[in-house]
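Worksheet for the structure shown next.
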Amino acid sequence: MPEPEKPKALMAEMHKSHRNTEATPEQDLATSLRAIPVVHSDYETVTTMDQLDRWIAAALNQAYVCIDTETDSLDAMQANIIGVSLATAPGKACYIPLGHQAAGEGLFGGGMLEGQINRDAALAKIKLLCEASHVLKIGQNIKYDMLGLSQRGISIHPIDDTMLLSYVVESGDVGHGMDELSERHLGHKPISFKDVAGSGKGQITFDRVPIDRATAYAAEDADITLRLWMVLKDKLIHIKKTTVYETLERPLIPVLMQMEREGVEVDRGVLAKLSSEFATKQAAIEIEIHKLAGQPFNIGSPKQLGDILFGKMNLPGGRKTATGAWSTDADALDDLAAQGIELAKRVLDWRQLAKLRSTYTEALPTFINPKTGRVHTSYAMASTSTGRLSSTDPNLQNIPVRTDDGRRIRTAFVAPQGSKLISADYSQIELRVLAHVADIPQLKKAFADGLDIHAMTASEMFGVPIEGMDSSVRRRAKAINFGIIYGISAFGLSNQLSISREEAGDYIRTYFKRFPGIKDYMEQTKAHARAQGYVETIFGRRMHFPRINSPNPSEKAFLERASINAPIQGSAADIIRRAMIRMMPALNEQGLKARMLLQVHDELIFECPAEESKATAELVKKVMIAAPEPALKLSVPLQVDARAANNWDEAH
DNA sequence: AGTCTCACG
DNA sequence: ACGTACGTGAGACTC
């Protein structure tokens, strides 16, 4: 995607013109933008084709325009486009209503409102603008608009996204929603969606919002987004993070849009069968539990369960939660189960089945899109503090894998007839990143030699040979390796391994003695976070910890652990982002028809023609392994395991 | 709306 | 002395 020249020149211009003033450039820009008032009555409602032509012509005549679509659903795959707003300059914006209905109850509403231009004719003009390669289209979370417009055959390029600009400029404990950005950077509180559509049970869809109110709301959104773009682009340049935005954020937008649009096939029949099997098992366990408890109660209520276990039965070793209630989580029940309390064991089984049913076997089918017959998750690009993606509606990044019953849910994620699913995942990517950034000779050598990294750690720590190593020794080393990545504490490790805090402390001291570079890296990272208020990934993405010097010791310790973890987790996230961005062109070059469907942090899932599965798997591995290059050459090799099968369980 | 619990990397 | 392993999202229950 070519960088549009005019906006770049414009931003340089803005910089120059403010360079001699006392205030920093971004302060000045924000101040001057604040001086242009937001006047809702100045916004134009576009009701004729002539009016639309004038706006499109004006936009085509400049280097950038802000665009925003209004719809009747948060689900872009099912949403109807109700209107489009454009902003060409601060304070200069319009709203083009296309699908507003008369207010009223559901089907008894009064039908299409007058004074709206024909939707298809209008979208044809809007398409010209969206696809004009010399006009930068600016949006707030523009992936959403792109997905909706792509359903109508409209693509958008080139693009900029204020949400992602904000994410690069200040990723930490701040949000990146438009209302929040407006208040933070412009000192202006925009009309909220609740103000025009109401909330809760009385909420109406946008097509029932009166057009004058819709114009005030929608045109303002475009206006504000344009102003935010000016402020944020300036800040981005000022902190020299343009490359992060242009290589790790912006190019991922169309990739994720395509993945969301593609969706994944989920076999209803498989889920239905699992659901009834789980329900039957669960019902039998429920009877047993009530018998063991001597009374019926709601097993799903932690409060009632706590009362039974620690009140009525007066069992020992009960812990309390933060709010003073009896803790009944899996750890607490495990303790009781270890004491031979049958009731606790049965509740654990019941809970697992309840979870599998409510979150997976019963919820997933409701997400099958009636038009495509597939499940289309939504990826959030700016919701984590580390640069990872997150997945919602449904979350396809937490499909069970750790238990046998849970894993069976993955058999419902299938390849269509004649196709295969390919799962490709990085092996130990975070430990490899750690070996690289902390520059640990033994770790680097172990990865270079393809050794079992946990066994190597155990061997170094406990002085036992890798050959014929006791599995519990390796398990302890594995827990320590995880702990290191998380910013280890004796308490956390002791909990994980069910050992005393003293013993855990001994392990940690032993580990640091054998791997002094890790200790150094951790201390340096904390020092950097305390001094700068942020840490960075290997590609320069910043993650802010504004409260790292908190006077509250536990908060401070928590943030120090998080600051140790962030560069590791974040660098791994950057690597897979780079792989995803290169994947589409790489597949195209090879003439392969594979589609990338899902990302699960260190894993990518593809669908491809069965006869291409071998070639696809090879290429996917190659792209993933080479992802850090040419920006960076890691001092450890990356390893990717890939497999093709008819469903996700067998491919994984 | 907040809490608890639990699914994943 | 302080309470923790790091990062998420979702469903059920409670108030």
Side-chain angles (χ1 to χ4, degrees), chain A residues 171 199-200 297-306 319-333 347-348 350-364 366-367 377-380 383-403 405-407 409-410 425-431 434 479-497 501 504 508 543 545 550-570 572-573 576 598-603 652:
Chain A
S171 174
S199 63
F297 68 102
N298 183 351
I299 306 164
S301 161
K303 189 169 180 282
Q304 292 183 37
L305 180 61
R319 293 180 293 110
K320 297 287 185 81
T321 67
T323 54
W326 289 115
S327 175
T328 69
D329 64 18
D331 276 345
L333 296 180
V347 171
L348 283 167
W350 184 94
R351 282 237 182 106
Q352 199 206 140
L353 293 166
K355 179 76 175 180
L356 294 180
R357 286 181 63 205
S358 68
T359 308
Y360 303 103
T361 60
E362 279 161 27
L364 282 173
T366 71
F367 284 98
T377 186
S378 177
Y379 288 103
S383 72
T384 72
S385 55
T386 55
R388 272 194 181 178
L389 303 176
S390 73
S391 158
T392 62
D393 308 302
N395 182 355
L396 296 186
Q397 291 181 322
N398 72 346
I399 303 301
V401 69
R402 293 173 189 174
T403 66
D405 271 344
R407 207 175 304 118
I409 289 168
R410 293 191 171 221
D425 68 296
Y426 285 108
S427 163
Q428 307 287 2
I429 189 167
E430 293 191 346
L431 280 175
L434 175 68
I480 291 164
N481 278 332
F482 271 102
I484 293 296
I485 286 168
Y486 295 155
I488 202 156
S489 72
F491 201 95
L493 184 63
S494 69
N495 231 352
Q496 184 64 35
L497 289 178
R501 208 191 303 197
I508 294 169
M543 299 154 288
F545 295 89
S550 166
N552 177 341
S554 63
E555 183 184 14
K556 186 168 152 73
F558 170 71
L559 291 172
E560 284 178 351
R561 290 195 299 275
S563 76
I564 289 168
N565 172 259
I568 302 169
Q569 189 182 115
I576 197 165
L598 303 173
Q599 190 250 39
V600 191
H601 310 307
D602 64 358
E603 174 187 15
H652 189 262

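All values below come from the heavy atoms of this structure, side chains included, with hydrogens, waters and symmetry mates left out. Not measured: the values here are computed from a predicted model. Every chain is numbered from 1, with letters handed out A, B, ... down the list of sequences.
- Looking at L305(A) and R351(A), their side chains come closer than 4.5 Å, going by heavy atoms from C-beta outward.
- Rounded to whole Å, atom C1' of dC8(B) lies 10 Å from atom NE2 of H652(A).
- You'll find the side chain of I576(A) stays beyond 4.5 Å of the side chain of V600(A), heavy atoms only.
- Distance CD1 (I576(A)) to P (dT8(C)): 17 Å, rounded to an integer number of Å.
- To the nearest angstrom, C1' of dA7(B) lies 17 Å from CZ of R357(A).
- Distances shorter than 4.0 Å separate some side-chain N or O of T323(A) from OP1 or OP2 on dC4(B).
- Using the Watson-Crick or G-U wobble rule with both distances under 3.5 Å, dC2(C) pairs with nothing in any strand shown.
- Side-chain nitrogen and oxygen atoms of T384(A) include none within less than 4.0 Å of the OP1 or OP2 phosphate oxygen of dG9(B).
- Of the candidates dA10(C), dA5(C), dC4(B), dA5(C) carries the atom nearest the L493(A) side chain, counting heavy atoms from C-beta on.
- Rounded to an integer number of Å, the gap from CD of E430(A) to C1' of dC6(C) is 8 Å.
- Counted within 6.0 Å of NZ on K556(A), heavy atoms from surrounding residues, nucleotides or ligands total more than 12; the atom is thus considered enclosed.
- Checking dC6(B), dC6(C), dA5(C) against every side-chain atom of N565(A), the shortest atom distance belongs to dC6(C).
- A sub-4.0 Å separation between OP1 or OP2 of dT8(C) and a side-chain N or O of R388(A) is absent.
- Residues Q397(A) and L389(A) are in side-chain contact: their nearest non-hydrogen atoms beyond the backbone lie under 4.5 Å apart.
- At a threshold of 4.5 Å between non-hydrogen side-chain atoms, the residues D329(A) and R319(A) count as touching.
- Summarising the base pairing, dA12(C) is matched to dT3(B) through a Watson-Crick or G-U wobble pair whose two defining distances lie under 3.5 Å.
- Within the structure, every side-chain polar atom (N or O) of T392(A) is placed at least 4.0 Å from both OP1 and OP2 of dG9(C).
- Annotation: dT5(B) and dC2(C) have their C1' atoms spaced 25 Å apart (nearest Å).
- Taking the side chain of A557(A) as heavy atoms from C-beta on, and the options dG9(B), dC13(C), dG3(C), the nearest nucleotide is dG3(C).
- For R402(A) and dG9(B), the shortest distance from a side-chain N or O to OP1 or OP2 is below 4.0 Å.
- Of the side-chain N and O atoms in N398(A), none sit less than 4.0 angstrom from OP1 or OP2 of dC6(B).
- The OH-P distance, from Y379(A) to dG9(B), rounds to 14 Å in whole Å.
- If you check dT5(B), dC4(B), dT14(C) against the side chain of T328(A), the one that comes closest is dT5(B).
- Remark: T386(A) is not in phosphate contact with dG7(C), judged by side-chain N or O atoms under 4.0 Å from OP1 or OP2.
- For S383(A) and dT8(C), the shortest distance from a side-chain N or O to OP1 or OP2 is not below 4.0 Å.
- In the set dA7(B), dC6(C), dG9(B), dC6(C) carries the atom at the smallest distance from any side-chain atom of R561(A).
- Judged by distance alone with a 3.5 Å cut-off, no donor-acceptor contact links the side chain of S390(A) to the base of dT8(C).
- With dG11(C), dC6(B), dT14(C) as the choices, the nucleotide that has an atom nearest any side-chain atom of S301(A) turns out to be dT14(C).
- Residue contacts shown for F558(A) are limited to sugar-phosphate atoms, with no base heavy atom under 4.0 Å away.
- Between dC6(B) and R351(A), a contact under 4.0 Å exists linking OP1 or OP2 to a side-chain N or O.
- For the pair I480(A)/L493(A), a side-chain contact is recorded, criterion being any heavy-atom separation below 4.5 Å from C-beta on.
- dA5(C) and dC6(B) are spaced 14 Å apart, taking the P atom of each and rounding to whole Å.
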